[in-house]
Structures are given as C-alpha cells and as structure tokens.
Novice: 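Quick one: the structure is below, questions incoming.
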Amino acid sequence: MSPAEANKQIQALTNELRQHNYNYYVLAMPTIADFDFDRKLRELNELEKEFPEFADPDSPTQKVGGYITKEFVTVRHRWPMLSLGNTYNAQELLDFDQRIRKAIGDSFEYVCELKFDGLSMSLTYENGKLLRAVTRGDGVQGDEVTTNVRTIHSIPKKLTAGNYPDLFEIRGEVFMHLKAFERLNKERVDNGEVPYANPRNFASGTMKLQDSAEVAKRPLDCFLYGLYTEKTLFKTHWESLEAVKSWGFNVNEQSRLCSDINGVLEFIEHWDKERFNLSYDIDGIVIKVNNYSQQQELGFTAKSPRWAISYKFKAERVETELLQVTYQVGRTGAVTPVANLKPVLLAGTTVKRATLHNADEITERLKLHEHDTVFVEKGGEIIPKIISVNLDKRKPDAKPIAYITNCPACDTPLLRTEGEAAWYCPNDEGCPPQIMGKMQHFIGRKAMNIDGLGDETIETLYKQQFITHISDLYDLHEHAAELKQLGRFGEKSINNMLDGIEKSKQMPFEKVLFGLGIRYVGETVAKKLVAHFKTIENLMDATAEELTAAEEIGGRIAQSITEYFADESHRQEIAKLKDRGLQFVAEEKEVNLASEKLSGQSFIISGVFEKYSRDELKELIEQNGGKILSSISAKLNYLVAGDNMGPAKLEKAQKLNIPIISDEELLKMID
Ligand code: IVH
C-alpha cells in the first residue's frame, strides 16, 4: 500500500470507528457486530504500526472507547477503568500465555470467568454502605448513577456480614436477563417505541434514564468481579472473590481456577456450547492471572492490563437462502421489511425470518438480490440478522431486490421523513393494518384493557364495517341485533363485549391518552402529561415550548403531540369520545394534607436528586400545602435545585432573587 493510500485508509477507519464508539456508548444503538468492530480496530492498529507518521494520537486504538454524558454528575475514577485485550482463537491465547511466561516464569495460576455482556459499573462502599455508583464512561471519569443502581436488588445497599474494609471499590457488570429483555422489548414494540437490539443495549439505555422509578421497572442484575482497596487485603484474585461473596455480593458461580492454559482452553470449549443455556448473554471468557503480586509485575498497557485478556466467542453464523422479502405495516404506518429464509438451525433454534431494519439495509448495505445465499448471525441479538451475502453463490441473472414504493396493504405511495431510515404509509385514515392496529392498541391490556374484546374480534368488526375509529366502539351497542345476525358471535359474547366497552368509560385519562396511540406517547409519558396538564383541552392547546416544560417531555415527543392535535380529524375523534363519556380529566387525588407548613408557598423543582425523584418531591410539597409552578416568575417563592440543573433556569432565578434551596433544606422546612 502506498503511503498516500495508507493515510487515507487510516483516516477513514478512524472516523468510522469513532462513529461506532458513539453509536455504542452514547446512543446504546450499535450498528456493527462487535467482531467486525474489533477487526476494523485491528486493521487500523496494523496500519498505524506500519505508517506511524499518520497515526492520530487520539486514535480509537489508543483509548478506551466510551463517553460520559451531560445529564449526570461526572466522577473521576480512583483507579482507571480499563478494557481488555481480545483474542479470538487458541493460538492467540497461547501467545498470551507465552508472553506471561516470559515475564514471570512458569509458576502461576489463571482465573477464568464468564465475560458478561452488559455495562461495567464501579461501586464504592464506605462503612458498609453503598456510597456511589459510577459508569465506566471514558475509563478515566464516568457518570454518577447511584440512584439508578440502588434499584438493582442484587446489589447490597448495606453490608451485614464479613470483615470488609471501611472504604473499598468493587466493580462488576450490570446486565438484563434474557427473559426480562424479551418481555420489556415486546412492550416497547406494542407502545410504538423502537425496540432495543439486545439486552446489553437495554441495560445501558436504562442506566442513562433520569427517572429512577422507570429504572426500577426494568429488572437489572449485576455480577461483581473485581475488588479495589488502598491496601492489598488478599494475595490472590480468587481469595478476594471468595471474600466479597461472603460480604454479600453476587459473584458468578461459574468462575474456575486453572493451573495452566490447557485448563483455560477446556473452560472455553465448555462455555462455547453451554452459553446458550444461560439465562443471560455472555460474549466470551475473561482470563486473569490469579496472584496480585504477579499482576503487578506484569503491569498495564495504555488501555488494558497485561495480566488479563478476553477470549471472544464467534457469533454463530450459518448460510441459508433468501426466499422472499415481505413487508409489515405497523399501527403508526411504519413499514418494516422482513427476510423470509429457508429454515435453518442456528444457536439451538430454527430460524425462518430475519430483520432487515429498513430500505438502506436491502438496497445499500447488503445489495440483496433475489434468492441470494446469505450469512445469518445470532450474536447477542435475539432476532437473527443477515450479516452479508455469499456472492459466489449468486446466479448471474439474479435481479436486485427493489424496496417497495407503495404500501403493501393500501397501495398508497410511501413517504420518508428527511433524516429517518423508515418509510411509512401516510394513509393513516384508510390503511387497514394501521386502522386495525390503532384499535387493537386502544383495547389492549396496558391501555383500556377492554374485557370481552380481542385483536381478532377487532379484525372481524372492522372487516364487516362495524368500526373504523375507536369511537365507533362506543356506538356498537346500537348494532347488537346486526352483530347477532352475523352468526360469528354468540349472544353471551356480544353482551360481554358491550359490557366491557361500557365499563371502559371509567378508565382514567392517562389510559385513554396512551390508548390514542400518539407516536412516542408511551405509558410513562402519558402519565407525566396527565399529571402536568390535567385536562385534554390544556394538552391540545399546549405549544411545543409548554410541552417541553413538563417533566421527561423532550422536543421529539412535543413535536409529535402538536402534530397529532393539529389534525382536525383527531380533534373530532376526541370530541366524539368525550361525548360518549370517556375520561379526559385527571382524577382528583384525595389529598390528605400531611401539614399546612408550605401553605401559600410556591416551588419549582429542577435537576436531579440523589435520594428522591422529582415526582416524590412534588408530592411532598403538595401534601404539605405547597404549590408547584410550571415556570420561573416573580411569583415563585423557592427553586429546589438538584444536580445538573439547566443554566438558563438558574440564571433567571438569580436575576429575580428567588431563593435557591436543596432537597434537604426543603425537608427541613417541613420537618
Ligand atoms: S475484568 C481491566 N471480568 O469486559 C479490565 N471484565 O473488555 C477489568 N467484563 O470493561 C475487567 N465480564 O465491562 C472483567 N468477568 C469479567 C467481565 C468483564 C465482562 C467486561 C467489563 C470490561 C470489559 C473489558
């Protein structure tokens, strides 16, 4: 390769890897398999070695990939959180073993551990109490996420047993079990939210939430694998694992002590197959030199210890034939392409379909042709993915697969919003899967939970032209006789259905709002909107700015809400639902005032608090007679400020001389 070509390639790889790091660490939505990322990183490393004059000192090869986010308090790690070198085959492991022998001789042991596929976390304990939890961040400093970590049951908040030191740090991996991942991801799809690709992304996306109450709803777990203390307490890593287990920490039971590299290879061989029987994802094995003084002797490189390495499993990959690409239309009109495959066994299950994500995947990345032979992989992800096409097997006359231009259900030309990957059908009033999907969402368990009515009944009622809008459900009783004549439903089931529909009129406003199926308005967002705006009129008339002033409502949600209510047909539908007796006003909670101590005083709560959520503080204020205002004005009595409050708010409050108090001061006011 010529120097000019090498320079160009180094720059291209550097940029590409930086983007992948960003996708992985910040967006928690990677677009490349770990294996391919590592391959590119190695390629860059090789090129930088050969052409050091073009190497960027800030190259992704020189840094632990990672980011800290602005929403959390940044904390510097007492000991940097490094990453591990990777190996992919026995030879590379034997090379590692050789390097160790050369440095410290033949007398040492290895500890083999599973490599959990989650996000690493550093926990600090003081006098037996969990003081702080910090993410890896960029390895030097990370995000303080203590409140979120406190929701993880397997992490002790207070130690009850053992001879632990006054101050120590313990590190481990936070992850989500596969069962919980599948359940919660399905809920996301049902809510019209983007599903996470794998449990690791779900876990790391969860840790980034500002609302710990939401975090608590997403069950996470944590295995601990590293103790850090000022004075060395134990001779070996194994002893320290035994000790932390006895202090109450969740240490994985599968770890093994191996006397040489052959034992390590056996351990790897065993877990390469057995990993599919675990209730959580692992992506490899971590191999560590057991003795701490030998670890010290071996030392570190810039990014990783020389005394440990990881062995990465190959994602299982098989070849099969693409039979056909089909398209699904969701209730929001988004069109999802699906690859239908010749059934093939992969990682213990038969695979018949694979996700194709969007049009670019078909026409740009894979350049799929009819009846292509494709490589399918299931690595971490539950839904298999097409990795690439086996071009050797493509027939010379095979035609490229073109993405559809019209809706597969109603033939309306598809549209794509600038900057978005998905095509969608704009015919929301006339496209059958959208209409049925919206009604099915409305009656669903998490929305109106209507007894006696299921997805199939909705389909029949729609096809028989009894219902085209959710409001038509509330006129169904007028058609009881016609329904009976259909012969599809018995008298009893018709009565049950009509009863269920009648009862649903009592469902609270937040369920109705969620049931309307406004894009990005999931259950939690619906609750927040109802708590903030109280009535549908307030919500319908809110500007984007007023919407974003509500807790947890960002620009994307605000835009979707204003667009929804700008549509006259939506307003008419709401008027009709209101007329039929559905709830569009927040339920008045019976407030039993705890005290009158804050009566006549007004507050705004802003920022993040360690011990309480903003909602909890709000409730506390209201229970003691205080009022919550929505924007800072001269009328405001106090601004309760947590961490990371917006600078504009702070400035405004200071200008108006409004006292700024902490959550503790607020608590003192009410004793
Ligand atoms: S030890 C110096 N042990 O893998 C690094 N890491 O690629 C010490 N991981 O950031 C890490 N399981 O997030 C260690 N049993 C295990 C692990 C493990 C998963 C993760 C961890 C680390 C990454 C390194």
Side-chain angles (χ1 to χ4, degrees), residues 21 24-25 28 30 34-35 37-38 41-42 60-61 63-68 77-88 92 96 100 110-123 133-143 145 149 169-176 198-201 203-204 207 220-228 236-238 240-241 244-245 249-258 264 267-268 271 275 278 280-290 292 294-296 298-313 380:
N21 267 336
Y24 182 104
Y25 288 105
D34 287 0
F35 181 79
F37 178 90
D38 289 339
L41 194 70
R42 279 179 181 212
T61 57
K63 295 203 323 204
V64 173
Y67 285 85
I68 40 170
H77 296 298
R78 168 75 186 79
W79 293 272
M81 286 183 86
L82 299 174
S83 68
L84 291 169
N86 290 327
T87 58
Y88 294 92
E92 288 175 348
F96 166 76
I100 306 270
Y110 287 120
V111 175
C112 286
E113 293 168 13
L114 303 185
K115 188 170 189 303
F116 315 107
D117 200 7
L119 70 149
S120 43
M121 191 64 65
S122 164
L123 310 173
V134 184
T135 65
R136 184 171 78 160
D138 62 5
V140 177
Q141 43 187 10
D143 292 327
V145 289
V149 164
E169 213 177 299
I170 187 163
R171 292 179 181 173
E173 199 85 353
V174 170
F175 64 94
M176 188 181 274
N198 55 48
R200 179 193 58 218
N201 297 349
S204 88
M207 262 310 131
L220 296 173
D221 202 344
C222 181
F223 283 128
L224 285 311
Y225 48 65
L227 177 68
Y228 294 76
T236 65
H237 176 57
W238 189 259
S240 84
L241 288 180
V244 300
K245 208 186 294 176
F249 288 101
N250 192 20
V251 176
N252 186 262
E253 290 294 335
Q254 316 298 351
S255 305
R256 290 285 174 273
L257 201 54
C258 296
V264 172
F267 187 85
I268 288 174
W271 285 106
R275 65 189 155 127
L278 290 168
Y280 45 86
D281 270 344
I282 62 171
D283 61 340
I285 300 295
V286 181
I287 302 111
K288 303 174 181 176
V289 169
N290 189 25
Y292 282 143
Q294 287 177 325
Q295 285 189 4
Q296 229 172 6
L298 286 157
F300 299 86
T301 70
K303 303 215 303 185
S304 45
R306 287 202 183 85
W307 45 263
I309 203 146
S310 86
Y311 175 90
K312 290 272 200 107
F313 292 129

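Whatever order the structure lists ligands and atoms in, that order sets their numbers, starting from 1. Sequential numbering from 1 along the given sequence is applied to the chain's residues.
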Novice: Side chain, backbone, both or neither: which part of Lys115 has a heavy atom under 4.0 Å from ligand 1?
Specialist: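 Contact part for Lys115 vs ligand 1: both backbone and side chain.
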Novice: Looking only at non-hydrogen atoms, find the nearest pair between Arg136 and Leu82 and report the distance.
Specialist: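 Reported closest heavy-atom pair: NH1-O, 3.6 Å.
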Novice: Is Glu113 in polar range of ligand 1, meaning some N or O pair under 3.5 Å apart?
Specialist: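 Looking only at distances, the answer is yes, because the N/O contact criterion of under 3.5 Å is met.
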Novice: Side chain, backbone, both or neither: which applies to Val286 and ligand 1 if a contact is any heavy-atom pair less than 4.0 Å apart?
Specialist: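 Only the side chain of Val286 comes within reach of ligand 1.
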Novice: Can a donor-acceptor pair be found between the side chains of Asp38 and Tyr88 at a distance below 3.5 Å?
Specialist: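 Asp38 vs Tyr88: donor-acceptor pair found between side chains.
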Novice: Please state which part of Asn252 comes within less than 4.0 Å of ligand 1, counting heavy atoms only: side chain, backbone, both or neither.
Specialist: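 Neither; no heavy atom under 4.0 Å.
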Novice: Considering distance alone, does some N or O of Pro305 sit under 3.5 Å from an N or O of ligand 1?
Specialist: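 Checking ligand 1 against Pro305, no N or O pair falls under 3.5 Å apart.
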Novice: Take Lys288 and Glu113, measure what salt bridge (Lys or Arg N to Asp or Glu O under 4.0 Å) needs, and give me the verdict at the end.
Specialist: CA-CA 8 Å; Lys288 303 174 181 176; Glu113 293 168 13; 2.8 Å; yes
Novice: Which distance, rounded to the nearest 0.5 Å, do you find between the OG of Ser304 and the CD1 of Ile309?
Specialist: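 Ser304 atom OG to Ile309 atom CD1 measures 7.5 Å (nearest 0.5 Å).
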Novice: Within 45 degrees of the axis of the six-membered ring of Tyr228 and under 6.0 Å from its centre: does Arg171 put its NZ or CZ there?
Specialist: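 Satisfied, under 6.0 Å and within 45°.
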Novice: Taking all atoms of both residues into account, what is the closest heavy-atom pair of Leu278 and Leu114, and its distance?
Specialist: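 In this case the closest contact between Leu278 and Leu114 is CD1-CD1, 4.0 Å.
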Novice: Does Phe116 approach ligand 1 within less than 4.0 angstrom via side chain, backbone, both or neither, non-hydrogen atoms only?
Specialist: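 Near ligand 1, Phe116 shows its backbone as well as its side chain.
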Novice: Atom 3 (N) of ligand 1: which of Lys288, Lys303, Arg136, Lys312 has the nearest heavy atom?
Specialist: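 Looking at heavy atoms only, the winner is Lys288.
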